[in-house]
Amino acid sequence: STFMRLFTTLYWPRDGYVAVDGKPVTHENVEAYRALFSAVFSEYHLFRRLYGVAPEALAEIPELLKLFEIEEKTQLVDGAFTTVNLSAGQRKRVALIVALLERRPICVLDEWAADQDPLFRRKFYEDLLPMFKARGLTVIAVSHDDRYFHIADRRLHLEEGHVVSDLRKDEEA
């Protein structure tokens, strides 16, 4: 979680720096860097009303609510969800829908699947993540759920803030 906040520059590094293609992210260019990311962190706030979502993206909401299996729980009416008084897993589904509607190239998910029921957790890893990849979205998913590590194209294992392994799917054979 801390690494993801550093990576997305929500926390500024005390030592070292974040770089893109060898060029440091600075206070002058940080907004352009942050615009690359949508995120659902383990601690998040879910607003009923949508902010900063392009009007044409709103047309996707009925399909996404159905895909995320919550179309019977909430709808979008006049720019606001009818309710966000949902279970923790359902709230995270709505938060991910909102993140997807932002149409940013990188989506950071911090222990997103932890609050999902086992069936939806499997759907997330086995169906939704490959679908996001096919659409060109880069997903960085923080997870301790080793049952689904094989899904990742690249897996970084961190311990006490240090990378202890960096495996790519094509290298694991």
Could you go through residues 46-67 and list every donor-acceptor pair under 3.5 Å that involves a side-chain atom there, pairing it with any protein atom two or more places apart or in another chain?
{"unit_1": "Arg48", "atom_1": "NE", "unit_2": "Phe81", "atom_2": "O", "d": "2.9"}
{"unit_1": "Arg48", "atom_1": "NH2", "unit_2": "Phe81", "atom_2": "O", "d": "2.9"}
{"unit_1": "Arg49", "atom_1": "NH1", "unit_2": "Asp78", "atom_2": "O", "d": "2.9"}
{"unit_1": "Glu60", "atom_1": "OE2", "unit_2": "Arg103", "atom_2": "NE", "d": "3.2"}
{"unit_1": "Glu60", "atom_1": "OE2", "unit_2": "Arg103", "atom_2": "NH2", "d": "2.2"}

Any carboxylate oxygen within less than 4.0 angstrom of a Lys/Arg side-chain nitrogen, looking at Asp166 and Arg155? no
In terms of heavy-atom contacts, Ala99 and Val40 come closest through CB-CG2, 4.2 Å
Under 3.5 Å, is there a donor on one side chain and an acceptor on the other for Thr82 and Thr74? yes
Correct closest heavy-atom pair for Gly89 and Gln116 would be O-NE2, 2.9 Å
When every non-hydrogen atom of Gly22 is compared with those of Ala19, the smallest separation belongs to C-CB, 4.1 Å
Measuring only between side-chain heavy atoms, which start at C-beta, is Thr138 closer than 4.5 Å to Phe37? no
Is there a path of hydrophobic side-chain contacts, each under 4.5 Å between heavy atoms, that joins Leu156 and Trp112? no
Under a 3.5 Å distance rule, please check whether Asp127 uses its side chain to pair with a backbone N or O of Phe124 as donor and acceptor. no
Without swapping roles, check the side chain of Arg121 against the backbone of Ala113 for a donor-acceptor pair under 3.5 Å. yes
Nearest heavy-atom neighbours spanning Ser1 and Ser42: OG-OG, 4.1 Å
Side-chain heavy atoms under 4.5 angstrom apart, residues restricted to Ile, Leu, Val, Met, Phe, Trp, Tyr: same cluster for Leu129 and Phe149? no
With side chains defined as the heavy atoms from C-beta onward, is the minimum distance between Arg91 and Val84 less than 4.5 Å? yes
Before giving the answer on side chain to side chain contact (heavy atoms under 4.5 Å, CB included), spell out for Gln75 and Thr83 the whole-Å C-alpha distance, their side-chain angles and the decisive distance to 0.1 Å. CA-CA 8 Å; Gln75 298 290 315; Thr83 187; over 6 Å; no
Please give me the minimum heavy-atom distance between Glu126 and Ile151, naming the atom from each residue. CG-CD1, 4.3 Å
Residues 3-16 side chain polar contacts: donor-acceptor under 3.5 Å, at least two apart:
{"unit_1": "Thr8", "atom_1": "OG1", "unit_2": "Met4", "atom_2": "O", "d": "2.8"}
{"unit_1": "Thr8", "atom_1": "OG1", "unit_2": "Arg5", "atom_2": "O", "d": "3.4"}
{"unit_1": "Thr9", "atom_1": "OG1", "unit_2": "Arg34", "atom_2": "NE", "d": "2.9"}

Should Leu137 and Leu100 count as side-chain neighbours, where that means a heavy-atom distance under 4.5 Å? yes
Determine the sole option in Gln90, Lys123, Arg93 for which the side-chain hydrogen bond (donor to acceptor under 3.5 Å, both in side chains) test with Glu69 is passed. Lys123
Taking Asp117 for its side chain and Leu119 for its backbone only, find out whether a donor-acceptor pair lies under 3.5 Å. yes
Are any of the side-chain heavy atoms of Phe41 and Leu109 separated by less than 4.5 Å? no
Rounded to the nearest 0.5 Å, the OG atom of Ser87 sits from the NZ atom of Lys73 at a distance of 7.5 Å
If hydrophobic clusters are built by linking Ile, Leu, Val, Met, Phe, Trp and Tyr wherever their side-chain heavy atoms come under 4.5 Å apart, do Val18 and Leu158 end up in the same one? yes
Could you tell me if the side chain of Ile97 sits less than 4.5 Å from the side chain of Ile70, heavy atoms only? yes
Does a salt bridge link Arg147 with Asp145, judged by any charged N lying under 4.0 Å from a carboxylate O? yes
Check the orientation of Tyr125 and Tyr148. Use parallel for under 30°, tilted for 30 to 60°, and perpendicular for over 60°. parallel
Heavy-atom pair of closest approach, residues Leu36 and Arg104: O-CB, 3.5 Å
Donor-acceptor contact present, side-chain Lys92 to main-chain Glu111, <3.5 Å: yes
Under a 4.5 Å cut-off applied to non-hydrogen side-chain atoms, are Ser38 and Leu101 in contact? no
Does one hydrophobic cluster hold both Met131 and Val98, with members joined at side-chain heavy-atom distances below 4.5 Å? yes
Can you tell me how far CG of Asn29 sits from OH of Tyr33, rounded to the nearest 0.5 angstrom? 10.5 Å
Please answer: with hydrophobic residues joined when any side-chain heavy atoms are less than 4.5 Å apart, are Leu96 and Ile106 in the same cluster? no
For residues Asp115 and Phe120, determine if any side-chain heavy atom of one lies less than 4.5 Å from a side-chain heavy atom of the other. no
